[in-house]
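Values in this document were obtained by computation on a predicted structure and should not be read as measured data.
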Amino acid sequence: MRVSLDFQFPLLSKSNRLQKLLTKTNEECSDEIQLNDFPGASKAFEICVKFCYGMTVTLNAYNVVAARCAAEYLEMTEDIEKGNLVFKIEVFLTSSIFRSWKDSIIVLQTTKSLLPWSEDLKIVGRCIDSIASKTSVDPANITWSYTYNRKLSELDKIVEDKTAPREKIEPVPKDWWVEDICELDIDLYKRVMITIKSKGRMDGVVIGEALKMYAVRWLPDSVDALVSDAHARRNKSLVETIVCLLPCDNGMGCSCSFLLKLLKVAILVEADESSRGHLMKNIGLKLHEASVRDLLIPSRLPVITKFDIDLVQDLLNLYMTNLRGSRDIESEEKKDKANESMLGQRSLLNVGKLVDGYLGEIAHDQNLGPTSFVDISQSIPDFARPNHDGLYRAIDIYLKEHPGLTKAERKKICGLMDVKKLTVDASMHAAQNERLPLRVVVQVLYFEQIRAAASNGRTRGNSPRNSSSTLVNGDEECVKTGGESCHSLNTQMCQLKMRDEEFNKNGKLNKKSSKNSRSGMQLLPSRSRRIFDKLWIVGKGQGENRSSETSGSSNSPTSVVPGDTKSSGSSLRHRRHSIS
């Protein structure tokens, strides 16, 4: 910037630099002074000139940094004249700017265009300290910040005097400040957050909320915008900065959903390995909080599957490793073992549901091999999956979407499922499922009839008072019966038939009992009904050889099906011969 020598004495008397430049200019016989790299340009110089001539100067949060840097450049210090511009601006900064939450943020934003002057004058550092200190103030002593309360700007201040009257609109939350600092550039934001964390007075949950708010504010939703050449480097730096600012509380301060979304972005922008590893470590500590949608992370070439299956497998392995480690520590310390064990079991059950839901989603992928499907399913222990309905649904989808599987592959996939852990509805669906191998359908029918026989047999001998406990323990009875001898099964099945005959003779067949014992079989397709008939007749034949009590019962349970009018004797002989 060039300045003419036609200025008056007051400007020279307050600026040491102009005096030195004037002397040099006179020696060179020049009529202009060259002010190279003048901070703040002409507007800042105008403020300095007005001050020298005694004119009114208006300072605010938007121009005070430029004026301070310009005054420093011109050396308008106390050494030249008492009450000079540098002194005046410093008083304004200390008494007004740094005491205001809003002004401290605005001033910090303006410092970026005035580097390195603003850094050398420690304006940046003082703004950061001011902001960090105010975030630690008790929320009871805070009025709303300017972002939240723009309509009430007169209340935009930190109330430091507890005796001063305060108008409260509503209680101030602990995270009242997180949205305000989102307007800062990533470099300044990082310094502010580091200072806040270093004070040690901020809860990790609030830190996590602040990082989430900043990520939402600056990371684009569109994948194309995220990886575009114009913004890829900036987005990568932003993600890596957020990761390094995560609270050091084993991931407790951030939700698992946020961490997984951050991991997706980190993969897309190709963040460094340490950032991705740090995210996965935190996710592995709280995977039980995730949702299926969170785990649907798109894969990158050369992977051919739609979603990154290997990444989810690694997360499951990390979770199980952490769970085993925590249980080892728990057993050593033996403190609050019952409560912690209950929480750990609940978390593992949540992961079991999560895995089954995830399998149901990825089962639609034509490129998903059976080995990957099996590996994901077996990543959790058996007791994490007390109910196999979700797993059955995923297997059914996989078989439907992959009709070209070999017999061995279908057997391996279906071997993941324990038919004893299916509910009645799932068993009915499985019994009619043409996609399942014949062996699995036989198992479903077998254990479903064991369950029905055990339930009816126990209900028959129990009083109404004990009926609830019978229903609760039905599955346990089913499991026990499944491991007993065939004679026990035949006896229970014959008891069920005798009961049905009594109802038929009296003409008072109870609809509810019929639904429990036979309605399911009437709905079976021909293949499943034939299988059931064979199982029933084999059981009956063995029962005739071992028990005389059941020899009088000759009607098959399928004889109530309309259209089945053949004599039972010839039918039985024919069926025995066909399966022998």
Between [Y] and [X], do the side chains contain a donor N or O and an acceptor N or O under 3.5 Å apart?
{"X": "Ser257", "Y": "Glu289", "result": "no"}
{"X": "Asp425", "Y": "Thr423", "result": "no"}
{"X": "Gln109", "Y": "Glu183", "result": "no"}
{"X": "Asp375", "Y": "Ser372", "result": "no"}
{"X": "Thr111", "Y": "Ser118", "result": "no"}

Side chain [X], main chain [Y], donor-acceptor under 3.5 Å:
{"X": "Lys286", "Y": "Cys254", "answer": "yes"}
{"X": "Asn235", "Y": "Leu226", "answer": "yes"}
{"X": "His278", "Y": "Ser274", "answer": "no"}
{"X": "Ser113", "Y": "Thr110", "answer": "yes"}
{"X": "Glu240", "Y": "Asp272", "answer": "yes"}
{"X": "Ser427", "Y": "Leu445", "answer": "no"}

Does any non-hydrogen side-chain atom of [Y] lie less than 4.5 Å from one of [X]?
{"X": "Ser377", "Y": "Leu391", "answer": "yes"}
{"X": "Ser130", "Y": "Lys134", "answer": "yes"}
{"X": "Ile283", "Y": "Leu318", "answer": "no"}
{"X": "Trp218", "Y": "Tyr189", "answer": "no"}
{"X": "Leu260", "Y": "Ser291", "answer": "no"}
{"X": "Trp177", "Y": "Ile196", "answer": "yes"}
{"X": "Asp308", "Y": "Pro298", "answer": "no"}
{"X": "Lys306", "Y": "Leu296", "answer": "no"}

Closest heavy-atom contact between [X] and [Y]?
{"X": "Ala430", "Y": "Val441", "result": "O-CG2, 4.1 Å"}
{"X": "Ala266", "Y": "Val239", "result": "CB-CG1, 3.8 Å"}
{"X": "His402", "Y": "Gln366", "result": "NE2-O, 3.6 Å"}
{"X": "Cys414", "Y": "Leu399", "result": "SG-CD1, 3.9 Å"}
{"X": "Ala363", "Y": "Tyr398", "result": "CB-N, 3.8 Å"}
{"X": "Leu348", "Y": "Pro381", "result": "CD2-CG, 3.9 Å"}

Among pairs that include at least one residue of residues 193-214, which meet side-chain hydrogen bond (donor to acceptor under 3.5 Å, both in side chains), considering only residues two or more places apart or in two chains? none
Side-chain ion pair, [X] and [Y], N-O less than 4.0 Å:
{"X": "Asp294", "Y": "Lys261", "answer": "no"}
{"X": "Arg191", "Y": "Glu119", "answer": "yes"}
{"X": "Glu273", "Y": "Arg276", "answer": "yes"}

[X] [atom1] to [Y] [atom2] distance, which is reported to the nearest 0.5 Å:
{"X": "Phe447", "Y": "Leu422", "atom1": "CZ", "atom2": "CG", "answer": "11.0 Å"}
{"X": "Asn322", "Y": "Met320", "atom1": "CG", "atom2": "CE", "answer": "10.0 Å"}
{"X": "Asp185", "Y": "Lys112", "atom1": "CG", "atom2": "NZ", "answer": "3.0 Å"}
{"X": "Met280", "Y": "Leu311", "atom1": "CE", "atom2": "CG", "answer": "5.0 Å"}
{"X": "Thr135", "Y": "Met193", "atom1": "OG1", "atom2": "CE", "answer": "8.5 Å"}
{"X": "Asp396", "Y": "Met417", "atom1": "CG", "atom2": "CE", "answer": "9.0 Å"}

Would you indicate whether [X], at its atom [atom1], is surrounded by more than 12 heavy atoms from other residues, nucleotides or ligands within a distance under 6.0 Å?
{"X": "Asp221", "atom1": "CG", "result": "no"}
{"X": "Asn317", "atom1": "CG", "result": "yes"}
{"X": "Arg217", "atom1": "CZ", "result": "yes"}

Ring pair (Phe, Tyr, Trp, His ring centres under 6.0 Å) for Tyr392 and His429? Distances and angles first, verdict last. CA-CA 10 Å; Tyr392 166 66; His429 186 279; 5.6 Å; yes
Begin with the C-alpha distance, continue with both residues' side-chain angles, and end with the deciding distance and a verdict on side chain to side chain contact (heavy atoms under 4.5 Å, CB included) for Phe383 and Leu349. CA-CA 8 Å; Phe383 59 86; Leu349 293 177; over 6 Å; no
Stepwise side chain to side chain contact (heavy atoms under 4.5 Å, CB included) check, Arg126 with Asp129: CA-CA 5 Å; Arg126 286 185 287 173; Asp129 288 337; 5.6 Å; no
Would Val312 and Leu316 satisfy side chain to side chain contact (heavy atoms under 4.5 Å, CB included), going step by step from the backbone distance to the final call? CA-CA 6 Å; Val312 175; Leu316 287 169; 4.2 Å; yes
Salt bridge (charged side-chain N to carboxylate O under 4.0 Å, His left out) partners of Arg300, counting only residues at least two apart: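 Scan of Arg300 (salt bridge (charged side-chain N to carboxylate O under 4.0 Å, His left out), adjacent residues dropped) gives Glu270.
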The test is side chain to side chain contact (heavy atoms under 4.5 Å, CB included); show your working for Lys411 and Lys407 and say whether it passes. CA-CA 6 Å; Lys411 181 179 178 181; Lys407 184 177 180 180; 5.7 Å; no
Side chains of residues 351-361: which donor-acceptor partners sit under 3.5 Å, not counting sequence neighbours?
from   : atom 1 : to     : atom 2 : distance (Å)
Asp356 : OD1    : Arg385 : NE     : 2.8
Asp356 : OD1    : Arg385 : NH2    : 3.1
Asp356 : OD2    : Arg385 : NE     : 3.3

From the list Val107, Ile105, Asp180, side-chain contact (heavy atoms from CB on, under 4.5 Å) with Ile131 holds only for Ile105
